[in-house]
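Take a look at the structure below.
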Amino acid sequence: MKITVSTEKLENIQADCEFVLVVGKQKEHKWVQDKEDLETLNFIGELEESAFLPHQHRVYVGVDSLDRDEVRLALSYAMKAIAKTNYKSIKIGSYVKTCPAIYTKAIVEGTLLGSYVFDKYKSKKEEKVQRELIISLEEYHDKELKIESAQKAVGEAVIIADATNFAKDIVNSVPDDMTPEQLADEAQKVANSLENVECFIGDETFLEEQKMGAFAAVARASVHKPRFIHLTYKPQNPQAKFVFVGKGLTYDSGGLSLKPSEHMVSMKSDKSGAAAALAILKGSAQLEVPFEVHTIIGACENMIGGNAFKPDDVLVAKNGVTIEVRNTDAEGRLVLADCLCYASDLKPDYLVDMATLTGACVVAVGEYTTGIMGHNSTLKHSMLSAASKSGELSSTLQFNRYLKKLIKSDIADISNIASSRYGGAITAGLFLDNFVHEDVKENWLHLDIAGPAYLEKDWGYNQSGASGAGVRMSLYWLKEHEYKIANYHDKDEEK
Ligand code: BES
Ligand code: ZN
Ligand code: ZN
């Protein structure tokens, strides 16, 4: 899909179709030209309401306000309305007089996220119409600034939406397709296609050399061998070092603590953290953020077999911490344990891990929301705020010393499950804390994306299946860091 901005008046732009936002049920706006038809259709203009008038070549969508996530939602509904048409060009006007960047970004993100289709496994694929979206900037005051900043915003939004859709493609791919080896290939492809990006891939021998005993144990029973993936994006004069760690379980059967059948379906999504971390690296490099960005992925399959790791085993992680296995289905934390030790050794300024870690997190915050954990409340809130701007739902969860006691073990340093079933998302986060180096703890965030990463039913502009959870919030978060640094330097110059 091609997206362009234009300073032309909307009425002067030639296009096959026009999208019109009805804001706050107000139909008096100059672009609402079909009031009678809308009345016949009983179109009120509520959020999530749309009306396609084929003879007029217009789609009307309701929003309560021009809040960015409502704009995203509206665009996705409009795209859905014309999905089966042959329209090649669509136009939409600007409704706000300032901040072209925020508004145009929301339009682009809503359009691209909302029109994502996953048809890799369909024998008959629906023909994809190549469309162009033209955004008219006629409402903006500042004639000089607007086109430039709007074009830049479009470019950024395309990168962010494409990265999200890229993560969806990986997660939606089935386990026998997207094996650890294939995931490593995807990472290598990302590195090959981008400047300043390098990729290192390690196999079982590497895990052994690195003393990653927890990761290796989880991987052992699968015919698909594990891969440790480390990507690095290094721009010139990086201002800080960010490390993202992703749980890459290409399948989670539960292992010997086997999942019941109904819980096993959809466990191809247990690689969502890895897909997000890979997409974030891709997006960061394309956005040319002024930071060194690393992505570490622990990719393997949790399966059963004669050589499977078992409840009662004691594993030794890379940092020497011993772990009593009491449930082989709590495997993500074992893989992440070793990856977090490795990530800590890189001495990051910021460390973020992302994982479909616990069903308990879904119970705690609902299936649409990411749980944000960590020791530093300012840092947690910076991610919370970035998530909100990006349109992802998130909620912070608090660590506490009493929950920490629940992962004690009689036989080893810690147990891989808590002694109580309450607070399972937090006890999993506290388990990971044992593998984050002391110097990094204050700058570490753990994102449990078990709920939003994979949807049984579509909601908002997310289709059923993978959602790319974590990608947008992290890329917005990185951009916020960039703005902060830029402002700081500007102020310096003023002095
Ligand atoms: N991959 C699952 C968590 C999960 C659950 C992801 C639902 C997505 C949707 C994880 O490995 C797991 O099985 N966790 C267990 C932990 C328990 C054994 C302490 C869980 O949540 O039940
Ligand atoms: Zn599991
Ligand atoms: Zn899992």
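Indexing begins at 1, ligand by ligand and atom by atom, following the structure's order. We use all heavy atoms of the structure for the numbers below, so side chains are in, but hydrogens, waters and symmetry mates are not. In this text, all values refer to a predicted model and were calculated from it rather than measured experimentally. Note that the numbering runs from 1 along the sequence shown for the chain.
N319 is not listed as a side-chain neighbour of N434, based on a closest heavy-atom distance of 4.5 Å or more.
Remark: side-chain polar atoms of E324 are not paired, donor with acceptor, to backbone N or O of I411 under 3.5 angstrom. With hydrogens and angles ignored, the 3.5 Å screen pairs a side-chain donor or acceptor of D338 with a backbone N or O of F215.
Nearest to the Zn ion (ligand 2), among the N, O or S atoms that E331 has, is OE1. Of all N/O/S atoms in D252, OD2 sits nearest the Zn ion (ligand 2).
Within a 6.0 Å sphere centred on CD of E456, other residues, nucleotides and ligands contribute 12 heavy atoms or fewer. Shown here is D312, whose CG atom has no more than 12 heavy atoms of other residues, nucleotides or ligands within 6.0 Å.
Protein heavy atom in closest approach to atom 2 (C) of ligand 1: D252 OD2, 3.6 Å. Shortest contact from atom 7 (C) of ligand 1 to any protein heavy atom: M267 CE, 3.8 Å. Closest to atom 10 (C) of ligand 1, if we only count protein heavy atoms, is L357 O, 3.3 Å. The shortest contact between atom 15 (C) of ligand 1 and any protein heavy atom is with D329 O, 4.0 Å. Among protein heavy atoms, the minimum distance from atom 1 (N) of ligand 1 is reached at D270 OD1, 2.8 Å.
With 2.8 Å as the limit, K247 counts as an N, O or S neighbour of the Zn ion (ligand 3). Taking backbone and side-chain atoms together, D270 has no N/O/S atom less than 2.8 Å away from the Zn ion (ligand 2).
Seen from the ring of Y402, K405 does not count as a face-on cation partner, given the 6.0 Å and 45° thresholds.
Listed by atom number, the atoms of ligand 1 under 4.0 Å from K259 heavy atoms are 2 (C), 12 (C), 13 (O). Under a 4.0 Å criterion applied to the non-hydrogen atoms of A450, ligand 1 contributes the atoms 6 (C), 8 (C), 9 (C). The distance from ligand 1 to the heavy atoms of T356 drops below 4.0 Å at these ligand atoms: 1 (N), 2 (C), 3 (C), 6 (C). Proximity to E331 (heavy-atom distance under 4.0 Å) selects the following atoms of ligand 1: 11 (O). Proximity to N327 (heavy-atom distance under 4.0 Å) selects the following atoms of ligand 1: 18 (C). Of all the atoms in ligand 1, the ones that sit under 4.0 Å from a non-hydrogen atom of K247 are 1 (N), 10 (C), 11 (O). Listed by number with element, the atoms of ligand 1 under 4.0 angstrom from any heavy atom of R333 are 16 (C), 19 (C). Near I417, with a cut-off below 4.0 Å to any heavy atom, the atoms of ligand 1 are 19 (C).
Taking 4.0 Å as the cut-off between side-chain N and carboxylate O, K347 and D439 do not count as a salt-bridged pair.
Here the closest heavy-atom approach between residue I170 and residue M178 is recorded as O-CG, 3.9 Å.
Under the 30°/60° scheme for interplanar angles, the aromatic rings of W477 and H481 are found to stand perpendicular. Below 30°, between 30° and 60°, or above 60°: for H230 and F228 the angle between ring planes is above 60°, a perpendicular geometry.
With a 4.0 Å cut-off on non-hydrogen atoms, V362 does not touch ligand 1 at all.
Under the 6.0 Å cut-off for aromatic ring centres, Y350 and F291 do not qualify, their centroids lying 6.0 Å or more apart.
The one candidate from E301, E204, M212 that meets the side-chain contact (heavy atoms from CB on, under 4.5 Å) condition with P226 is E204.
At least one protein heavy atom sits closer than 4.0 Å to atom 21 (O) of ligand 1.
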